[in-house]
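Hydrogens, waters and symmetry mates play no part in the numbers below; they use all other heavy atoms, side chains included. Since the model is a prediction, treat every value here as computed from it, not as a measurement. One-based numbering along the sequence shown.
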Amino acid sequence: MKVFGDKITMSIIVKCRFWFVVLASFLFWYLLLCFCNYNSTTTKGSITFKFENLIEPIPFYENNTLFGTQTEDINNILIRTENGDKPSSDFHIVNNGLKGIDHILEPDNRLAPSASEVHSKENIELDTKPINDTTRERESNEDSDSCAGRYVYIHNLPRKFNQDLLKNCASLSNWTNMCEFTSNSGFGPPLSNPGKVYSNRGWHTTNQFSLEVIFHNRMKQYECLTNDTSLASAFFVPYYAGLDVARYLWGYNISMRDSDSLGLVKWLRQKPEWRKMSGRDHFLVAGRITWDFRRLSDEEFDWGNKFLFLPESKNMTVLTIESSPWHNNDFAIPYPTYFHPLKEVEVFQWQNRMRRQRRPFLFSFAGGQRPNIRDSIRGEVIEQCRASRKKCKLLECRDGSNKCQKPEFVMKMFQSSVFCLQPPGDSSTRRSAFDSILAGCIPVFFHPGSAYIQYLWHLPKSFTNYSVFIPDIDVKKRKVSIENTLLQIPKQKVAEMREEVIRLIPKVVYAGSKLKNLDDAFDISVKGVVERVSRIKREMEEGKDSSLDYAEEVSWKYNFFGTVEDHEWDRYFEKT
């Protein structure tokens, strides 16, 4: 009996020890958990965890190194892609010159903190507040702030002012099939590339007068469009003014030429959005030179219509491919080129190709003589080019020769030239100037009205950094040799100028869609309009008008130099 009792006692002792171990283990893990929680702070609705020295800076390229290790030159990668290898999505070049990696960027396209910003923070807090409707609304408002001051409202015009013109495209020109050129959102048909003159994507047979269609379609993609007129900073009027007037420039009376433009301003005057600022916050694109819209009289023989002389038009900001130096209501933006990239890597590839391009000719000229224009220097330019033999390449545009109308001949010649001559033609500006920039060819201008005082938003005011200026009067009087002038420029200076020209390429092309980190000609134009409207609004609120600070006929001088004092360029803009 005693033995049996001892067995029971021993069994109880063993079970007690077992449960003691279990309870002790539970207590140990409980205390450990409490100890861990001691280093974290719990608040109502959020938990903040402290991490010290656990966050590494976002890697970035500097001097072609990644994490301190030498990497392959980005140019070599882009060159390899351009030559037909599989495109690499690993590399991405941003505006500030740093070379980064696409997948390192945050998925919502906002840039991650810089390395210096990360190092400056000792603790990173992760906010885990529950998301409710109020939070969502606040975050939505904060996201929309990126468009504050940039919202644009597009007027829904009657179809006769735009869509019907495209529908009846066969009537837009007596000599050109504009149905072909207005296709593909105004870019025209894709260019064939048997001679490998172009890169693989983004090249089209684009007509120089199709800018209204191109611009309108890009406006539809603009990231800050609004249907709320109270939010709009500017109002876009999608009137195809150039396509409209082109139908009636030859053989039609002034009533036909003026009809639709008069109908447009009548329609605008009736809109409450117009009455708000009498149209001073409105803008449109007129895709021809300014003189097609500035008929000086109501005589039937006089050229063009009078759209830009209408009081309503004088209040608007009108974007043209060539503006008037003597008026302040139109602003020049680049002619369309043949290149319309969809992605910025296509721009980078093309820029690198132009940097490597072999250029056997010192200078070149594509164009014809203008014997009917008294002060034209085209004849002298062609004569000097011929005399320079192998140093100058000439593509002379004559009746019966259509090489000048074929992009492959023009672009191939510009790509093989160091300098491209851009003398005035029927007017001061030329599409050819932008084709030469696209080809990495340094433009040579003979009149300040050909570019310098025109494209103020798109081209640098320091014009000697990207171009050569030779006074036309010196060429006309045979006082200067174009060849000798160009040969006297030091090689290092030429290299710097070419690089500046190549850097301008994104600014003078109209991309097929918004480029991720580059502003193209469209972006720069809209930014210029919004800033101008903002200044006008501010002046109206203050009871000021800066346009009264100078006579309108010297607006070219005020806009470029900021002064109306005498200047050596005055003779170029004297009205005759």
Side-chain angles (χ1 to χ4, degrees), residues 160-161 165 168-169 171-176 178 181 207-213 239-265 284-314 316-333 335-336 367-378 397 399 405 423-433 447 449-451 453-454 472 552-553 555-556 572-576:
K160 64 178 290 188
F161 296 119
L165 292 170
N168 301 310
C169 53
S171 67
L172 296 179
S173 173
N174 294 331
W175 302 278
T176 305
M178 290 302 292
F181 292 118
N207 186 275
Q208 65 177 344
F209 297 132
S210 62
L211 184 54
E212 295 151 350
V213 184
Y239 168 45
Y240 298 167
L243 296 183
D244 172 27
V245 73
R247 299 176 295 173
Y248 308 123
L249 286 175
W250 292 270
Y252 289 87
N253 59 37
I254 60 174
S255 296
M256 289 293 292
R257 286 179 260 161
D258 292 338
S259 177
D260 278 0
S261 58
L262 291 172
L264 173 79
V265 298
L284 61 81
V285 175
R288 297 183 68 90
I289 62 175
T290 189
W291 315 114
D292 292 339
F293 311 101
R294 293 188 180 278
R295 191 180 68 243
L296 297 175
S297 74
D298 283 339
E299 298 294 335
E300 294 293 342
F301 62 82
D302 216 344
W303 181 259
N305 67 19
K306 59 181 181 181
F307 175 56
L308 289 181
F309 281 135
L310 299 177
E312 295 83 359
S313 299
K314 289 183 177 181
M316 288 191 283
T317 300
V318 181
L319 308 180
T320 58
I321 53 178
E322 176 180 327
S323 63
S324 167
W326 305 298
H327 301 90
N328 55 20
N329 65 321
D330 59 336
F331 295 81
I333 62 177
Y335 284 76
Q369 299 195 34
R370 293 293 188 273
N372 57 322
I373 299 179
R374 184 187 63 185
D375 295 327
S376 174
I377 61 169
R378 290 285 190 97
C397 305
D399 293 339
Q405 306 300 323
D426 296 324
S427 66
S428 296
T429 65
R430 304 184 73 204
R431 174 208 176 123
S432 175
H447 192 294
S450 294
I453 68 149
Q454 291 283 342
D472 59 354
E552 190 176 25
E553 58 265 24
S555 57
W556 68 268
Y572 290 101
F573 303 103
E574 293 174 351
K575 289 187 176 181
T576 56

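Distance CD/Gln208 to CD1/Ile289: 9.0 Å, rounded to 0.5 Å. Asn168 CG to Met178 CE: the interatomic distance, rounded to the nearest 0.5 Å, is 13.5 Å. Cys169 SG to Arg247 CZ: the interatomic distance, rounded to the nearest 0.5 Å, is 12.0 Å. The structure places OG1 of Thr290 at 4.0 Å from CG of Asp330, a figure rounded to the nearest 0.5 Å. Taken to the nearest 0.5 Å, the OG1 atom of Thr320 stands 7.5 Å off from the CD1 atom of Ile333. Distance check: Leu284 CG to Leu319 CG gives 7.5 Å after rounding to the nearest 0.5 Å.
Within the 3.5 Å criterion, the main-chain N or O of Ala332 finds no donor-acceptor partner in the side chain of Glu322. Here the side chain of Arg257 pairs a donor or acceptor atom with the backbone of Gly304 at under 3.5 angstrom. Side-chain atoms of Ser555 come within 3.5 Å of backbone N or O of His327 as a donor-acceptor pair. With hydrogens and angles disregarded, no donor-acceptor distance shorter than 3.5 Å links the side chain of Arg370 to the backbone of Gly425. Judged by distance alone, with hydrogens and angles left aside, the side-chain atoms of Thr176 form no donor-acceptor pair with the main-chain N or O of Ser173 at under 3.5 Å. The main-chain N or O of Met256 is found under 3.5 Å from a side-chain atom of Asn253 such that the two form a donor-acceptor pair. Glu212 places a side-chain N or O within donor-acceptor distance of the main-chain N or O of Gly287, the cut-off being under 3.5 Å.
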Could you walk me through whether Ser324 and Trp556 pass side chain to side chain contact (heavy atoms under 4.5 Å, CB included), step by step?
CA-CA 8 Å; Ser324 167; Trp556 68 268; over 6 Å; no
Side chain to side chain contact (heavy atoms under 4.5 Å, CB included), that's the test. Do Met316 and Asn329 meet it? Break it down for me.
CA-CA 7 Å; Met316 288 191 283; Asn329 65 321; over 6 Å; no
Which is it for Asp375 and His447 under the side chain to side chain contact (heavy atoms under 4.5 Å, CB included) test, yes or no, and what are the steps along the way?
CA-CA 12 Å; Asp375 295 327; His447 192 294; over 6 Å; no
For the pair Ile321 and Arg431, evaluate side chain to side chain contact (heavy atoms under 4.5 Å, CB included) and give the outcome as yes or no after the intermediate values.
CA-CA 9 Å; Ile321 53 178; Arg431 174 208 176 123; over 6 Å; no
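Pairing each heavy atom of Val318 with each of Ser313, the nearest pair is CG2-O, 4.2 Å. Ala241 and Phe293 get closest at one heavy-atom pair: O-CE2, 3.6 Å. Across every non-hydrogen atom of Ser261 and Asp244, the tightest pair is N-OD2, 4.1 Å. Contact between Thr429 and Gly449 at its shortest, heavy atoms only, is CG2-O, 3.7 Å. The shortest heavy-atom contact between Arg288 and Ala246 is NH1-CB, 3.8 Å. Contact detail for Lys314 and Phe309: the closest heavy-atom pair is CE-O, 3.6 Å.
Arg295 is linked by a salt bridge (charged side-chain N to carboxylate O under 4.0 Å, His left out) to Asp258, Asp298, counting only residues two or more places apart in sequence or in another chain. Judged as a ring-ring contact (aromatic ring centres under 6.0 Å, His included), and not counting sequence neighbours, the contacts of Phe307 are Tyr239.
With 3.5 Å as the limit, one finds a donor-acceptor pair spanning the side chains of Ser297 and Asp302. For Ser428 and Tyr572, the side-chain atoms include no donor-acceptor pair closer than 3.5 Å.
Using a 30° and 60° split on the angle between ring planes, Trp250 and Trp175 fall in the perpendicular class, above 60°.
Between Gln454 and Ser323 there is a side-chain heavy-atom pair separated by less than 4.5 Å. By the 4.5 Å heavy-atom criterion applied to side chains, Trp303 and Asp292 are counted as neighbours.
Counting heavy atoms of neighbouring residues, nucleotides and ligands inside a 6.0 Å radius, atom OH of Tyr252 does not exceed 12 of them.
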